[in-house]
Structures are given as structure tokens and as C-alpha cells.
S.K.: 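If you scroll down you'll find the structure; I have some questions about it.
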Protein chains: 2
Amino acid sequence: MSLRIALLGLLSAVGPASGYDLAKKFDRSLNHVWQAGHTQIYPELVKMAADGLVDAGSEGARGRKTYTITPEGARQLHEWMLEHTPSVVVRNEVALQAFLLPLLDRDDAIAVVERIRAGLEARLATLQCQQAGAFGSYALKLGLAQLRTSIGWTEETLADLRRAAG
Amino acid sequence: MSLRIALLGLLSAVGPASGYDLAKKFDRSLNHVWQAGHTQIYPELVKMAADGLVDAGSEGARGRKTYTITPEGARQLHEWMLEHTPSVVVRNEVALQAFLLPLLDRDDAIAVVERIRAGLEARLATLQCQQAGAFGSYALKLGLAQLRTSIGWTEETLADLRRAAG
DNA sequence: ATGTACATGTAATGGGTTACATGATTCT
DNA sequence: AGAATCATGTAACCCATTACATGTACAT
């Protein structure tokens, strides 16, 4: 369901676009929120056209198909935003390693947390470059805040590990 | 893969346990880190036994099967912790709604963010009750910090929305 | 006896990733 | 001529959820 919503949202925000365009947008502006490759996007657009949420225009150069959101698509997007309580459920490999840290001896645990921190900082650098237009700015702020919080956690945890039996 | 790791981690932390036990542990101590129901856990334990990562003991009362981690299971768990760089990828419905907020008019946007805040606060209350033993305490700290950050974001965002064209 | 907690499973479906496959256009 | 980018698709597989299905033990 959420893939549909993300696609409708992009079409609504940037206007008519091809599957190829949408895949790029996913990669560049939506990647900290949702991920989808072209292999997932193309078939989904076909289904959405069948369901009347988007219009597939006639083929352009190189077989390009430009999709446009329909009024029904816009309605369903709006309805989802207003009615759907987002699930707070998270599946997080970083948190899983955090959970399992006590299984390791001190030096291994430190190495693991250092690596986590490096990964988070790399991602923070990436996100900081990606300045959103008006669109996506709320989500970007949220993403940055969460990364900073996670990095803060790595620092506290490293201090804690180094304190214990230093 | 991560389901395997989570199961090995639990078996390593709490000792031999049945699928039923593990499903409860998932629900009670691991739910902010990873989720899995019994329908996913039971078949996975069978496969893990086939792969030599756990030993399935003989059946006890009520068909209960008690699984024990093997040395090979412990080795793979340790290896994963040390070698596997956790993916930082997130799929987050809250962030998706955040991304799409600019599609809504001011009052709808405020209602959406209020609902998000209520959901986050409910979850925070749940997590705060769930005090971890030594085990899981690092992950719990991380989870709490992230929830507080998200709640902070809802407050900033509400202030921002109310300021604009108040 | 009725309900609750214990305990295990299967099947259908949906969502997502990886690998495979093809062809057009543009740039150097 | 060769490489990069544009552009679309399919198939196999893995992971996860929901619904279905069964039976035991214990407490009231």
C-alpha cells in the first residue's frame, strides 16, 4: 500500500513522470523515507493504471511512458493521509546489534559500535547534502534529527563501554 | 538473515527455549528492534536445526520442543556481529507522512501531525514500562532516545504549521 | 464445562530484492 | 566504435503477515 501512496505523492508533487523518473526521485529525495527500485515501480504503475489511480499517456521516445495522477488517485492519497494511522513498527539492524552488544566482550563491542557510528555519520553526510525543496523538508528534518540522536547514542555507549573495566 | 540472528541471540542470552518462548520474548523484549510472529519463528527454527545452528531436544509436555544453540550457531552469531555492517535503510510510514505533509492544507496537516504525536507517545509509554535487564538495555536506550526525538519533531512541526498563516 | 494459556504447525498472499534480458539515444 | 544513460520489463526467490487449523493442561 505505502508504495502506491509514495508514487501518488510524487506524481502529485512533481507532476506527470515516467517510471524511470519516479525511480530516480525515490533514490534522490525519498530514500530516507521509503525505498523502491524500478523492478517494483514499473509493475505497480501498471496495476495503478488498471485501478484508475493514474493515467498512462501514449509512449514517447525510447518507449517512455508518462504517468499522470487521476482525481481518484489524488482522492485516495488524501484519504490515506487523513485516515491511515502510520505504524510505528521498526525493523532495524542497528538496533538489533545494539540489543546483542552484551554478548560481546568489551573490545569487540567497542569495534561494533565504532562501525555503527561510522555508518551513521556517512549517512548523515549524504543527507546533509541532499537539500530538499519545500517538499520533503519536514521529512528531511526528521531524518537528520534521528541520525544525530543515533550518533549521540553511539557516543554515550562508547563512553559507557570504555568506562567499564577500562 | 536477521531473524536467524535474533533467534540465535535470544537463545544465547536466555539459554534453551521453545519456539513459543522465543515468540513471547520477541513480543516483550525485542519488539522495538525486530518483530516476528510464531508463524515465522517455527519454520525458521526447523531450518536452523537442519543447518546445525540449533539442537532440537526431544518433545516435552504438550508437544513442546526445546531448542539449544550449538557451537556453530554461536560462531555464526559472533561472526555476524563482527562482520556484518548493519543497513541504515529505514522504511518508515511516519516519515512518509512527514514527506507528504506539504500536500495538505494547514488544518489537515496539523491533524495528521497530532495523530502521529499521539501514536509516538503511546509507544513511548509502552517502552518506558518495559525495563530491560542488563540485556537489551543499550537497545532500549536507543529506542527511547529516538522516540523522544520524533516527538520533539512533531512539536516543532506543529509550531511551524501554526505559525504559518496562523 | 468453559475459558485461558500453552504449544505447534500449514497455506495463501503480499511486499521487496536480485538477477536476467532487451533495446534506443546520446556523447566522446 | 564504444560507453554511458535512458527506458522498460520478467522471473526467481526471500521475507513477512494473515488466516486457518489442531490439540494439551490447568484453573474456576
Side-chain angles (χ1 to χ4, degrees), chain A residues 1-8 10-11 16-28 30-51 54 56-67 80 84-93 96, chain B residues 1-8 10-11 16-28 30-51 54 56-67 80 84-93 96:
Chain A
M1 193 70 254
S2 297
L3 174 59
R4 261 174 192 224
I5 297 300
L7 290 170
L8 290 173
L10 281 177
L11 286 173
S18 67
Y20 187 85
D21 296 335
L22 292 166
K24 269 194 310 187
K25 293 254 155 60
F26 256 95
D27 198 41
R28 290 178 194 171
L30 212 61
N31 62 75
H32 62 294
V33 162
W34 210 264
Q35 299 81 43
H38 78 276
T39 56
Q40 208 184 348
I41 291 171
Y42 291 144
E44 187 67 25
L45 284 169
V46 172
K47 281 188 234 156
M48 287 164 76
D51 293 347
V54 296
S58 54
E59 287 200 8
R62 284 180 268 196
R64 179 187 172 91
K65 292 175 196 168
T66 303
Y67 291 91
W80 185 85
H84 179 77
T85 300
S87 84
V88 205
V89 167
V90 178
R91 238 186 211 102
N92 191 337
E93 282 192 358
L96 181 54
Chain B
M1 195 72 251
S2 297
L3 174 59
R4 262 174 193 225
I5 297 300
L7 290 169
L8 290 173
L10 282 177
L11 286 173
S18 67
Y20 187 85
D21 295 335
L22 292 167
K24 269 194 310 188
K25 292 255 156 58
F26 256 94
D27 198 42
R28 289 178 195 171
L30 211 61
N31 60 76
H32 63 294
V33 163
W34 210 264
Q35 298 82 43
H38 78 277
T39 57
Q40 209 185 344
I41 292 170
Y42 291 144
E44 188 66 26
L45 284 169
V46 171
K47 281 186 234 156
M48 287 164 75
D51 293 345
V54 296
S58 55
E59 288 201 7
R62 286 180 268 195
R64 180 187 171 93
K65 292 174 196 169
T66 302
Y67 291 91
W80 185 85
H84 179 78
T85 300
S87 85
V88 204
V89 168
V90 178
R91 241 188 209 100
N92 190 336
E93 282 192 358
L96 181 54

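All chains are named by letter (A, B, ...) in the order of the sequence lines, taking the proteins before the strands, and each is independently numbered beginning at 1. What you are looking at is a predicted structure, and each value in this text was computed from that prediction instead of being measured.
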S.K.: Please report, rounded to the nearest Å, how far the P atom of D:dC6 is from the OH atom of A:Tyr42.
M.R.: 11 Å
S.K.: In whole Å, I'd like the distance from the NZ atom of A:Lys24 to the P atom of D:dA4.
M.R.: 17 Å
S.K.: CD of B:Glu59 versus C1' of D:dG23: gap in Å, rounded?
M.R.: 12 Å
S.K.: Given atom CZ of B:Arg62 and atom C1' of D:dC26, what is their separation to the nearest angstrom?
M.R.: 7 Å
S.K.: Nearest heavy atom decides the nucleotide; on that basis, is B:Val89 or B:Asp21 closer to the 5' end of DNA chain C?
M.R.: B:Asp21
S.K.: If I take atom CG in residue A:Leu45 and atom P in nucleotide D:dT10, what distance separates them, rounded to the nearest angstrom?
M.R.: 12 Å
S.K.: In whole Å, I'd like the distance from the CZ atom of B:Phe26 to the P atom of D:dC15.
M.R.: 13 Å
S.K.: I need the A:Leu8 CG to A:Leu3 CG distance, nearest 0.5 Å.
M.R.: 9.5 Å
S.K.: What is the distance from CH2 of B:Trp34 to P of D:dC15, rounded to the nearest Å?
M.R.: 10 Å
S.K.: Tell me the interatomic distance from B:Asp51, atom CG, to D:dC14, atom C1', rounded to whole angstroms.
M.R.: 15 Å
S.K.: Under a criterion of less than 4.0 angstrom to any heavy atom of chain A, what are the 5'-terminal and 3'-terminal contacting nucleotides of DNA chain C?
M.R.: C:dG15 to C:dT25
S.K.: Please check the phosphate of D:dC6 (OP1 and OP2 only) for any side-chain N or O of A:Arg64 closer than 4.0 Å.
M.R.: no
S.K.: Kindly say if B:Gln40 contacts the phosphate of D:dC15, meaning a side-chain N or O under 4.0 Å from OP1 or OP2.
M.R.: no
S.K.: Can you tell me whether the side chain of B:Thr39 and the base of D:dT18 have a donor-acceptor pair closer than 3.5 Å?
M.R.: yes
S.K.: Would you check, one step at a time, whether the test side chain to side chain contact (heavy atoms under 4.5 Å, CB included) holds for A:Leu7 with A:Val54?
M.R.: CA-CA 10 Å; A:Leu7 290 170; A:Val54 296; over 6 Å; no
S.K.: Mind checking ring-ring contact (aromatic ring centres under 6.0 Å, His included) for A:Trp34 and listing every partner two or more places apart, or none if nothing turns up?
M.R.: none
S.K.: Which is more 5' along DNA chain C, the nucleotide nearest A:Ala61 or the one nearest A:Lys47? Just name the residue.
M.R.: A:Lys47
